[in-house]
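Notes follow the structure.
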Amino acid sequence: MRSKVLGFVLSGVLAFSMVPSSAFAASQNGATGLLEPAAVQQMDSTAGAAVDQANASNAANFSDQQEKSTDEAAANTPANSSGAEASAEAAELATTGSNDSANSAEPNPNGTDSNTAVQPEAAAASSEKSGSSVTQDTAKNSGLSPESSLVSEQREQKLMLPEAQSDSSFTLPASSAELEAGTYTVSANVSMLTPLGFPGYTTSPYNPEGIGGKLGIPSAPVTDNATLVLGADGSHTLTVDLANPVFTVQDVESSDSVTVKNVVTQPIETKTDDEQYNKDLASAGITSRISQVTVNLNNWTGSYQFANWKVYAITLGTFFPNADSPSITSLDLSVDLANVKKRVSGDFQKTYTDAATGISVTVSADKEASTIARLQNAQLKVEKVESGADHDAAVFGLAQHYASTPTFDQYKINLVANGESIQFDDKTSASVTVPASANDWTVYQLANGELIAASPTFDFGAITFSAISLGNFVFVEP
């Protein structure tokens with residue numbers, strides 16, 4: 001029987017059972033070690049306790065949210081009302097029979113409604129106990145077949161269910177800035193707002209089917225994933241990959257804010273171990289998806305929308321937009337123009353290697369870079385982190401992304417000259433290469449207490465990723 005959808009797709013309104021973070025539960029079976037294959041590093045009991053505590057807290061919050069949604073649905077109150085406010089609204093509605101307050105909110109600048117009510121099918125799902133399966137009635141109301149509405153116990157156990165929140169707490173990562181002509185690396189994300197107020201990112205590879213080894217929910221934006229070329233003629237050309245194999249973009253067209261110049265399609269990914277999944281794809285007529293889009297940005301706001309767009313959420317077997325999900329009205333492109341990184345031409349280039357670990361760093365710098373004099377005499381310093389404040393910060397950060405304790409290695413990687421770490425300027429960048437015996441490692445940089453995802457590639461027994469600065473890195477086993 002067809003494997004089931006993620007936990008909060010039980011509501012029948014989520015566009016694809018995917019929503020936040022590069023969050024996914026990493027498989028720990030048969031994993032091979034990073035740098036030390038024979039000695040896979042396990043998190044200590046303190047780390048495990050921290051993750052367990054975070055998981056328990058999140059589970060409790062989600063259960064509370066379900067109960068709250070049930071009560072509010074019964075009173076015809078908005079889904080994001082809470083506490084005394086919700087009780088007062090319920091009493092008022094009981095007296096007047098009015099629910100105008102659920103529809104009177106002005107849309108916020110991101111095109112979302114901060115008072116969006118949970119759809120009827122969501123209310124139906126919320127009446128079930130936390131962790132229960134979708135009923136056939138709920139499947140009928142949401143337009144899903146009973147078979148495609150099922151949720152596998154395995155996924156429920158592995159995937160953390162994010163606490164439902166008002167969409168007013170979410171903003172797309174867009175920003176504006178004036179830039180000179182040149183080629184830049186930029187964070188660009190294509191997303192669709194889900195009825196629960198979470199944006200789901202088609203630019204994220206994480207998906208509930210685990211295709212490509214990326215089991216998870218794509219509710220977090222990705223970073224440094226696109227190329228922006230600013231022409232001397234004033235053109236702003238952006239190329240971005242749409243990485244998600246399940247939350248698929250089937251069509252996009254130009255709008256007033258963005259002009260589609262080119263799209264690249266690829267055959268749709270199938271599953272070798274799930275024939276029903278493949279049959280459902282064939283029945284829906286899905287044979288390909290858009291994997292890359294090149295557009296011209298017609299303004300400099302950082303926020304754009306496509307026209308005449310179509311998305312197919314494979315896990316749900318549903319096309320968007322559709323009449324059953326009136327809150328889903330746009331496919332958005334957000335570009336973080338204020339934090340672009342100009343591509344370094346590489347007038348100066350040098351590779352440094354740590355003999356003990358095999359880690360190497362290749363630095364490129366423009367001739368105007370302030371770092372060149374120190375880089376000429378620098379040495380690579382690599383330190384393994386197994387305890388202390390940085391290790392605790394990594395454990396805490398991972399607890400926000402994973403439903404179960406992942407195995408990870410952590411290293412401080414720096415170039416040092418005259419006893420001090422070299423800080424890169426905007427004309428200096430680096431490529432870090434780390435020996436590894438598998439290709440599905442997830443890499444984060446720990447900066448200011450937060451984990452920032454990198455985009456590693458695997459080749460010839462090593463993973464390589466770009467970095468605009470060196471420092472503290474976390475490597476999570478596949």
Side-chain angles (χ1 to χ4, degrees), residues 173-189 222-241 294-297 299-302 334-354 359-383 411-434 443-448 450 452-457 462-473:
S175 63
S176 179
E178 294 296 330
L179 303 170
E180 62 183 15
T183 301
Y184 297 82
T185 296
V186 62
S187 300
N189 286 274
V222 294
T223 59
D224 299 335
N225 63 312
T227 298
L228 177 65
V229 178
L230 303 186
D233 60 355
S235 61
H236 309 142
T237 304
L238 177 79
T239 299
V240 58
D241 292 332
T294 299
V295 301
N296 191 70
L297 307 179
N299 61 57
W300 211 227
T301 63
S334 56
V335 186
D336 190 3
L337 296 169
N339 294 289
V340 300
K341 304 167 181 65
K342 192 170 184 180
R343 298 279 175 86
V344 175
S345 60
D347 298 310
F348 172 88
Q349 191 171 82
K350 187 174 181 178
T351 299
Y352 310 80
T353 302
D354 178 68
I359 294 175
S360 64
V361 174
T362 298
V363 177
S364 299
D366 289 345
K367 59 185 178 182
E368 300 89 358
S370 63
T371 55
I372 292 179
R374 285 173 291 165
L375 287 170
Q376 289 174 336
N377 301 307
Q379 293 183 333
L380 181 61
K381 183 178 181 181
V382 177
E383 303 172 88
Y411 290 88
K412 287 183 180 179
I413 303 173
N414 288 292
L415 287 170
V416 178
N418 299 322
E420 295 184 354
S421 296
I422 299 175
Q423 303 301 314
F424 291 176
D425 58 16
D426 61 356
K427 296 178 173 60
T428 307
S429 65
S431 175
V432 181
T433 299
V434 181
V443 180
Y444 298 96
Q445 183 167 11
L446 180 63
N448 299 319
E450 296 184 2
I452 303 171
S455 300
T457 59
I463 52 175
T464 300
F465 56 94
S466 299
I468 60 169
S469 65
L470 298 180
N472 211 312
F473 297 90

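For reference, positions follow the sequence shown, starting with 1.
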Check the surroundings of atom CD in Glu368: do more than 12 heavy atoms from other residues, nucleotides or ligands lie under 6.0 Å from it?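 Check passes, neighbour count above 12.
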Evaluate whether atom CD of Glu383 has more than 12 neighbouring non-hydrogen atoms of other residues, nucleotides or ligands under 6.0 angstrom away. yes
Can you name the side-chain contact (heavy atoms from CB on, under 4.5 Å) partners of Lys350, sequence neighbours left out? Phe348, Tyr352
Just checking, any donor-acceptor pair under 3.5 angstrom between side chains of Thr353 and Ser360? no
Are Thr294 and Thr239 close enough that a side-chain donor and a side-chain acceptor fall under 3.5 Å? yes
Can you tell me how far the [atom1] atom of [X] sits from the [atom2] atom of [Y], to the nearest 0.5 Å?
X: Leu415; Y: Gln423; atom1: CG; atom2: CD; result: 10.5 Å
X: Ile372; Y: Ile422; atom1: CD1; atom2: CD1; result: 11.5 Å
X: Ile452; Y: Ser469; atom1: CD1; atom2: OG; result: 8.0 Å

Among Thr185, Thr237, Leu337, the one residue meeting side chain to side chain contact (heavy atoms under 4.5 Å, CB included) with Leu228: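 Exactly one option meets the side chain to side chain contact (heavy atoms under 4.5 Å, CB included) with Leu228, and it is Leu337.
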All pairs passing salt bridge (Lys or Arg N to Asp or Glu O under 4.0 Å) where residues 223-237 contributes a residue, at least two apart: Asp224-Lys341
Under a 4.5 Å cut-off applied to non-hydrogen side-chain atoms, are [X] and [Y] in contact?
X: Phe424; Y: Ile468; answer: no
X: Leu470; Y: Val432; answer: yes
X: Thr362; Y: Gln349; answer: yes
X: Lys342; Y: Leu179; answer: no

Pairs touching residues 371-381 that satisfy side-chain hydrogen bond (donor to acceptor under 3.5 Å, both in side chains), sequence neighbours left out: Thr371-Thr428
For Asp366 and Asp347, indicate whether the former's side chain and the latter's backbone hold a donor-acceptor pair under 3.5 Å.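 A pair under 3.5 Å: no.
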Would you check if the side chain of Asn414 reaches a backbone N or O of Ser421 as a donor-acceptor pair within less than 3.5 Å? no
State, to 0.1 Å, how close [X] and [Y] come at their nearest heavy-atom pair, and which atoms those are.
X: Gly471; Y: Gln445; value: N-NE2, 4.2 Å
X: Thr433; Y: Ala462; value: CG2-CB, 3.7 Å
X: Pro456; Y: Ile463; value: CB-CB, 4.4 Å
X: Asn299; Y: His236; value: O-ND1, 4.4 Å

How far apart are the C-alpha atoms of Thr464 and Thr457, what are their side-chain angles, what is the distance that settles it, and do they pass the side chain to side chain donor-acceptor pair (under 3.5 Å) test? CA-CA 5 Å; Thr464 300; Thr457 59; 4.9 Å; no
